[in-house]
Student: 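Provided herewith is a single structure, encoded as structure tokens, for subsequent inquiry.
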Amino acid sequence: MSDFLKELNTEQNNAVVHCDGPMMVIAGAGSGKTRVLTFKIAYLLRQGVDPFNILALTFTNKAAREMKERVIRLIGDTEGRNVWMGTFHSIFAKILRIDGHHLGYPSNFTIYDSDDSKRLIRQIINEKKLDPKLYSPSFVAHRISMAKSSLINAEDYANNPEIISADESARKPLIKDIYSSYTARLKRADAMDFDDLLFNTYILFRDFADVLYKYQLKFRHILVDEYQDTNHAQYLIIQKLAANTENICVVGDDAQSIYGFRGANIANILNFKHDYPDFKLFKLEQNYRSTKNIVEAANHVIAINKDQIHKTVWTENDSGNKIGFIKATSDNEEGQLVANAIFEQKMNHQLPNSAFAILYRTNAQSRSIEEALRKRNIPYRIYGGLSFYQRKEIKDLLGYFRLTINHNDEDALQRIINFPARGIGKTSIEKMVVAADEHDVNLWDIITHLEKYKVGVNSGIIKKAGDFSTMIKSFRAELKKKDAYEAAKHIAVSSGLLKLYREEDTPEGISRVENIEELLNAIKEFAEAGAESNEGDMASQGTLEEFMQDVALLTDADNEDEDKDKVALMTIHAAKGLEFPHVFIVGLEENLFPSIQSISTRTDLEEERRLFYVALTRAMEKVTLSHAESRYRWGQFTITEPSRFLEEIDEKLLERPKKVSMPGFSTSPKTSIPKPGPGFKSVNKTISKSVEMNFDASDTSALQSGMQVEHPNFGLGKVMAVEGNGANMKATVYFNGVGKKNLLLRFAKLKIIT
DNA sequence: TCCGATCTATTTTTT
DNA sequence: ATAGATCGGA
């Protein structure tokens, strides 16, 4: 029966068959981590464990999907389907839809994605008449998110002296109030943000012992992938769920922890020891994926980090190729050289496009690469990036679906009440929002009872708002009568959205219509697939509600052309867990990779280095590193320096640079010459990197108005004002003979004179 | 209220 | 560069 175990090495085998009690698998890159997890699930099932008793948690949808497929391949469809396998967020959302009523949430609560939460935060900041420059929605959102990930609610936040003093010294003492309003508004909208899915699950388990007990009984075997990426909330939830049986198996690799920015806590790996002193540790150190050269290069890089659990990754594979190296003069040339290299290797070795991956640090880098690939007629596919579901037209239509399903979804309501235009303008909406706050009722209550709440709008508006709410109510009725596709189509048409975009008659309008049609097709498929697409024991009827529940947690719109023969383009984060024969890591430049925000502290820099490690270890046969000497960033020409990570590659493993830098390339970049007139202000963006080699810039973090400074291009000047914080710190400087300039201190090199 | 012009943040990574 | 937000005039 378990002949499939023969495919495992001893250590993998031991990890698979050990099923009782807590265990941790520390798995080096390419050591067969996913294999162990999937075989373990298969093994459990073969041992007679009920699939309903197994919970497997991953971080990404992709990983969950893949694991599911592999398990099904091993042990068949029927059993595999009933295992709860999914991302933390999707599994917890499922639990909250069933049991969230204990916390006062209906089962049709809306999930706000980060865009939606940011919109809400922005709105609250506006309502509180706070300066959105000081209280930047992104910053506030991040603060709140970090707090929630650490299970600090708004009240705890306000009562935590450390947090408050940190906010105060950042001159943002009112974040606590924004947090508190934000929480209230989410609740009022019957909505949860991503962090709430974890936070509320924790609260549910903490405060409702019987609910916790139910799930403890259900999930008798818990498996967690990428354990190094768990945050505090996830850690505690797992701990609670596993408290009964302690059949918990966590798999991870501290060297691949790359989500610290989102609250991941490597210490969770260390805490495991304390929680389960009798746990069993398995170490997978043999790499099956990569050549010796790649493994060695990666080991050499990661060894530079101080924070790590010791392990020796080794391989029996051949030495293989040396690490390739490409030096380009510009980002466009980098794209061309990479495309050429792919073309060449493809031809020389008869390789499919799918053998290649191009990895970058930021999504924005894909553009120049794409262009080059297109010119070379090399088919490619971009993973991640701005998701299909984040496009405006899709969000609009989803807004109608959301409001139809959950009338209390205020974000959806505000998004669509006047789109397409219905003559309910900004002023009227504002009045309604104010009224909602005054009476502390939901916006839907207001628009359906405008007279009762004495909202000062004219009779025309009352009529229009009435029509709108009647329409939404009629959509709800459609939902009950028709299947998901029919209902969705009806909404797209009756709302006027489809018509609006059709009439636009521009290329964008056409593409928007196409996107809407694509969404409708996806819904059609979903409806037809019915039970098929849903995991676990909750049989799906293929309703629009169910579709929307899935959609909220989808980010990468994989539309099933996975196995087409294409070069893969993605961020390194998105590449985690994947492997490719040939990997190009591009944009190895200081301030890009490592990212400029990560170079100031050791822990941040080490996370970047782990990211580099992850990138290197994606490759099976060959890695090629590339960097460009100049790059357009923020639409501005920038001179770059090679990344420090390049120097961390063992030289004997590196190919000779293919291209020697052009010696004459020291001419100053064309920084736009200030012209008199209104266009003047844009100059602040032009100086990203000083051209003067010997200019000795000062640390400007303490810059204050009144100081005398010197700028390499503009000469001497006087600081008139400083605003913003950290990376967004700006200064207004009056330069002698040049005039007033706004400088982003992150970029501008200034020497402080007095 | 609507429309076009101008301003502005965005670029770290994901659920 | 570029999309979205904001502003100002019709």
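In this text the structure is predicted, and so the values were computed from the model without any measurement.
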Student: Base, sugar-phosphate, or nothing: which does A:Phe88 touch, judged by heavy atoms less than 4.0 Å apart?
Tutor: nothing
Student: State whether A:Asp113 and A:Arg119 are salt-bridged, where the test is any N-O pair (Lys NZ or Arg NE/NH1/NH2 against Asp/Glu carboxylate O) under 4.0 Å.
Tutor: no
Student: Which nucleotide sits closest to the side chain of A:Thr362: B:dT11, B:dT15, B:dT13?
Tutor: B:dT13
Student: For A:Asp115 and B:dT14, what is the distance between atoms CG and C1' respectively, to the nearest whole Å?
Tutor: 13 Å
Student: Under 4.0 angstrom, heavy atoms only, what part of the nucleic acid is A:Leu359 near: base, sugar-phosphate, or nothing?
Tutor: nothing
Student: From CD of A:Gln256 over to P of B:dT14, roughly how many Å is that when rounded to an integer?
Tutor: 16 Å
Student: Under 3.5 Å, side chain of A:Asn418 to main-chain N/O of A:Arg422, donor-acceptor pair present?
Tutor: yes
Student: What integer distance in Å separates A:Ile596:CD1 from B:dT10:P?
Tutor: 15 Å
Student: Please state whether the phosphate of B:dA9, meaning OP1 or OP2, lies under 4.0 angstrom from any side-chain nitrogen or oxygen of A:Ser138.
Tutor: no
Student: Can you name the closest pair of heavy atoms from A:Asn231 and A:Ser149 and give their distance?
Tutor: ND2-CB, 3.7 Å
Student: Going by 5.5 Å between centroids and 30° between planes, is there a stack of A:Phe261 over B:dT13?
Tutor: yes
Student: Could you tell me whether the phosphate oxygens of C:dT2, OP1 or OP2, come under 4.0 Å of any side-chain nitrogen or oxygen in A:Arg367?
Tutor: yes
Student: Are OP1 or OP2 of B:dT14 and a side-chain N or O of A:Thr571 less than 4.0 angstrom apart?
Tutor: yes
Student: Which residue lies toward the 5' end of DNA chain C, A:Lys392 or A:Lys426, if each is placed at its nearest nucleotide?
Tutor: A:Lys392
Student: Let me spell it out: for each of A:Arg122 and A:Lys464, pick the nucleotide of DNA chain B with the closest heavy atom. Which residue's pick is nearer the 5' end?
Tutor: A:Lys464
Student: Quickly work out the A:Tyr360 OH to B:dT13 C1' distance and round it to whole Å.
Tutor: 12 Å
Student: As a test of understanding, state which of A:Val614, A:Leu611, A:Thr60 forms a side-chain contact (heavy atoms from CB on, under 4.5 Å) with A:His573.
Tutor: A:Leu611
Student: Over how many whole Å does the gap from A:Asn418 atom CG to B:dC3 atom P extend?
Tutor: 11 Å
Student: Could you check how far CZ of A:Arg609 sits from C1' of B:dT13, rounded to whole Å?
Tutor: 17 Å
Student: Below the 4.0 Å mark, does B:dT13 have OP1 or OP2 next to a side-chain nitrogen or oxygen of A:Ser595?
Tutor: no
Student: Does A:Ser114 get its side chain close enough to the base of B:dT15, under 3.5 Å, for a donor-acceptor pair?
Tutor: yes
Student: For the side chain of A:Thr87, counting heavy atoms from C-beta on, which of B:dT15, B:dT13, B:dT11 is nearest?
Tutor: B:dT15
Student: Do A:Ser598 and A:Glu608 pair up side chain to side chain, a donor and an acceptor below 3.5 Å, judged on atom types alone?
Tutor: yes
Student: How is A:Ser428 classified with respect to the nucleic acid when contacts are heavy atoms under 4.0 Å: base, sugar-phosphate, or nothing?
Tutor: sugar-phosphate
Student: Mapping A:Ala421 and A:Arg262 onto DNA chain B by nearest heavy atom, which one lands closer to the 5' end?
Tutor: A:Ala421
Student: Counting only side-chain heavy atoms from C-beta out, which of B:dT1, B:dT11, B:dT14 sits nearest to A:Thr427?
Tutor: B:dT1
Student: Specify whether A:Phe261 and A:Tyr259 have parallel, tilted or perpendicular ring planes, treating 30° as the upper limit for parallel and 60° as the lower limit for perpendicular.
Tutor: tilted
Student: A:Arg631 CZ to B:dT11 C1': how many Å, rounded?
Tutor: 12 Å
Student: Need one value for A:Phe593: base, sugar-phosphate or nothing, where a base atom within 4.0 Å counts as base even if backbone is also close, heavy atoms only.
Tutor: nothing
Student: Rounded to the nearest angstrom, tell me the gap between atom NZ in A:Lys118 and atom C1' in C:dG4.
Tutor: 13 Å
